[in-house]
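The block underneath contains the structure these notes are about, expressed in structure tokens.
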Amino acid sequence: MDKKTLEHIAKLSRISLTQQELEKFTPQMETILDSAKLLQSVNTQGINPMKRHIPFSDLREDIPKVSLTQEDVLKNAKYKEKGFVKVFGKIFGSPEES
Amino acid sequence: MENSKYDVIIGLEIHIQSNTQSKMFCACPTHYFEKEPNTQVCPVCLGLPGALPIPNKRAIELCILLGIATNCDIDKEIHFDRKHYFYPDLPKGYQISQYKRPICSDGHIDIKDIDGNKYEIGIERIHQEEDVAKSTHHSEGNTEYALIDYNKSGVPLIEIVSKPNIRSAYQAKEYANKIRQIVRYLNISDADMEKGQMRCEPNISIQEKGKWELKDGKILPIGDYKLNPKSEVKNIGSISAVEKAIEYEVERMISELESGKTLIQQTRGWDANKGKTIFQRSKETADDYRYMPEPDIFVIEIGSEDIERISKELVELPEEKKNRYIRDYSLSEYDSSVLTADRDISKYFEKLLLTLSSSFDSQKAAKMASNWITGAVFSISNDLKIDINDINIPIEPLSSLIQHFDKEGITRNKAESLLRESIESKTDLNQLLERALKEKETNSQNIDTIIEEVIKENEKAVSDFKSGKQATIGYLVGQVMQKTKGSADPNKARLLLIEKLNG
């Protein structure tokens, strides 16, 4: 993990990091990745992923059900207008980010 | 668009909204058109913490059905993946899609090329995913904002990726048309492009002739040739715009290259009003979606009995139907394609044919049904803006009308106007027909009297005819037709008139 990779990941996650933060987080991320790497040392050749399988017939039938009310849906929205969620900027930002 | 120096290479991505009743991974209703915003939303499609997606059986069946209809291989297991990106239309922060293992792969369909020959378009993959929310963009002074409606979020979406073996704008349009026809025939989707139920996104590049090759579904350079980058066009709102947008884009790329510029990989938007594509963003950095297996959904096993059950929904597709009409009924290729272009119309045709077959041999019945549908029925449905079906234009009375017309009981014009009248005034066609036949009978008894009247009332025209102006006869026949309200046989009226005038 170098600074450039971290910068790229931050950008994809729409997080802005200062130079100081980049310096600070790069080695921390490095440590996290190193611990995860431990898993890669196990030999998994010829072993299928242990994910549960279900038959096709177990899927949900196509029957619609009543959903949340508009009021409930908008409860967690910071800004709203005429029943819509209102957003500024690239994600769920505030007016100053517009 | 034929260019001596460059080959055109197109791949088409098509998204189709399946017409299920509930969403892809939750039970919220799907039909969001003209609904109040954010009223068909639940914790799953809102991406709230802890909500778990449960796949819709019907949606996956429809995806498999499309795969079978387009000659694809169907996987025995279904795996979902997460495709990450951050945007307000995607509240989870990822879209559930399929990456390494699409449900259907390596298919093909045939289209008719511009020269009339068959051309096979390859299908790379068909996979299942979910739609995102609808956002509209607004500004107020210097403040820009978007309004989001999550009703569309989570509606089942099928993505069909063609192989890059589409070589002209015409082929791309025909291919899109064919896909739309198939999904409509199989009731997979209404595929209305204006409503966004079908979206086409072509990838276009031009390469110097003889300097590239298609290998394992990929375009590769030959020798040290450097491939030109491609552009992707979005915001295409109709099938005809698929063709126009590609034509425009090819012209643009050729003129850029010829004026010595270098092309860049980019996304462009089609502007239907201006008839051009407009630069949206460059794609210097490849998309980085950080795909990973969706841990919340089990691997779904598809058995051969599932495929068998789904295959039963496969109906005769337009191409096969068209060929059968040509072969069995000797209909023209043109009429056959018109009658099979829409499933409802072909159903209507086959029903009308069936009722007429009790009185005529099947070829004659087919010819009559075809003439009436492509003539009167089309024009009435067009003028009155009604769909063609047994309810709007009832088949049984239409069939007896056609039979009377054939026996020369009534003229074609009269028959057509009766049909139109019955639909406009919502009156039973059989009643109108009965009345017309009665009128005709009275008129034919009275025709001598009417002809005498017409001769008496039109002295000028009569003397013109007698002094050699043959054309006046048409006017006099017209007068007779008017008095009989169109129920007289104009040929018979003409003969009787001439007889009387010469006598």
Side-chain angles (χ1 to χ4, degrees), chain A residues 1 4-16 29 33 36 39 44 48-98, chain B residues 20-23 25-31 36-43 45-46 48 54-61 77-79 84-88 91 93 133 135-136 138-140 142-151 285 288-290 293 295 298-303 305-306:
Chain A
M1 171 72 60
K4 223 174 148 192
T5 316
L6 186 60
E7 234 176 334
H8 177 62
I9 293 169
K11 199 180 160 199
L12 289 172
S13 312
R14 304 207 187 272
I15 298 169
S16 12
M29 287 294 283
L33 283 180
L39 291 171
T44 55
N48 284 327
M50 282 168 53
K51 203 173 174 185
R52 196 178 144 195
H53 286 228
I54 55 163
F56 197 74
S57 52
D58 276 11
L59 294 178
R60 179 173 52 83
E61 294 297 335
D62 182 29
I63 299 161
K65 280 197 192 125
V66 181
S67 309
L68 298 173
T69 62
Q70 191 190 57
E71 196 193 346
D72 279 339
V73 172
L74 297 177
K75 243 177 207 165
N76 291 320
K78 203 165 170 190
Y79 305 95
K80 51 201 113 179
E81 186 176 305
K82 296 178 209 136
F84 293 92
V85 175
K86 190 174 186 181
V87 298
F88 302 88
K90 283 188 172 150
I91 359 173
F92 295 88
S94 304
E96 54 272 16
E97 290 173 52
S98 77
Chain B
T20 56
Q21 298 304 310
S22 66
K23 290 187 181 179
F25 298 111
C26 62
C28 287
T30 46
H31 304 286
E36 270 291 295
N38 296 310
T39 51
Q40 305 192 153
V41 184
C42 74
C45 45
L46 211 48
L48 296 185
I54 307 166
N56 181 336
K57 188 200 262 178
R58 185 65 190 148
I60 295 179
E61 283 180 350
E77 290 177 359
I78 298 176
H79 295 250
H84 297 88
Y85 67 91
F86 287 104
Y87 203 72
S135 43
T136 50
H138 309 267
S139 62
E140 209 179 270
N142 287 331
T143 317
E144 288 190 2
Y145 63 94
L147 295 179
I148 321 276
D149 172 10
Y150 290 101
N151 287 347
T285 49
D288 190 348
Y289 290 125
R290 290 149 294 144
F298 303 132
V299 173
I300 302 151
E301 290 179 351
I302 310 174
E305 70 282 0
D306 297 314

With B/Asp306, which residues qualify under side-chain contact (heavy atoms from CB on, under 4.5 Å), at least two apart? A/Phe56, B/Ile302, B/Arg309
Under 4.5 Å heavy-atom distance to chain A, tell me which part of B/Tyr85 shows up: side chain, backbone, both or neither. neither
Would you say A/Glu71 has more than 12 foreign heavy atoms packed within less than 6.0 Å of its CD? no
Highest number of heavy-atom pairs under 4.5 Å with chain A among B/Cys42, B/Ala146, B/Pro29 belongs to B/Ala146
Would you say the rings of B/Tyr289 and B/His84 are close, in the sense that their centroids are separated by under 6.0 Å? no
Pick whichever of B/Thr20, B/Thr136, B/Val299 has the most heavy-atom pairs under 4.5 Å with chain A. B/Val299
Pick whichever of A/Leu68, A/Ile9, A/Ile54 has the most heavy-atom pairs under 4.5 Å with chain B. A/Ile54
For the candidates B/Ile54, B/Val41, B/Ile60, which exhibits the highest count of non-hydrogen atom pairs separated by less than 4.5 Å from chain A? B/Val41
Output the distance between atom NZ (A/Lys80) and atom CD (A/Gln70), rounded to the nearest 0.5 Å. 10.0 Å
Winner by heavy-atom pair count (cut-off under 4.5 Å) against chain A, out of B/Lys23, B/Gln40, B/Arg290, B/Glu36: B/Arg290
Sorted by chain and residue number, the side chain to side chain donor-acceptor pair (under 3.5 Å) partners of B/Ser22 (sequence neighbours excluded) come out as A/Arg60, A/Asp62, B/Asn56
Examine whether an atom of B/Cys26 lies under 4.5 Å from a heavy atom of chain A, and if so say whether it belongs to the side chain, the backbone or both; otherwise answer neither. backbone
Return yes if a side-chain donor-acceptor contact under 3.5 Å exists between B/Glu77 and B/His79, otherwise no. yes
Aromatic rings A/Tyr79 and A/Phe88: how do their planes relate, parallel, tilted or perpendicular, breaks at 30° and 60°? perpendicular
Counting only non-hydrogen atoms closer than 4.5 Å, does B/Leu46 touch chain A with its backbone (N, CA, C, O), its side chain (CB onward), both, or neither? side chain
Part of B/Glu61 within contact of chain A (heavy atom distance under 4.5 Å): both
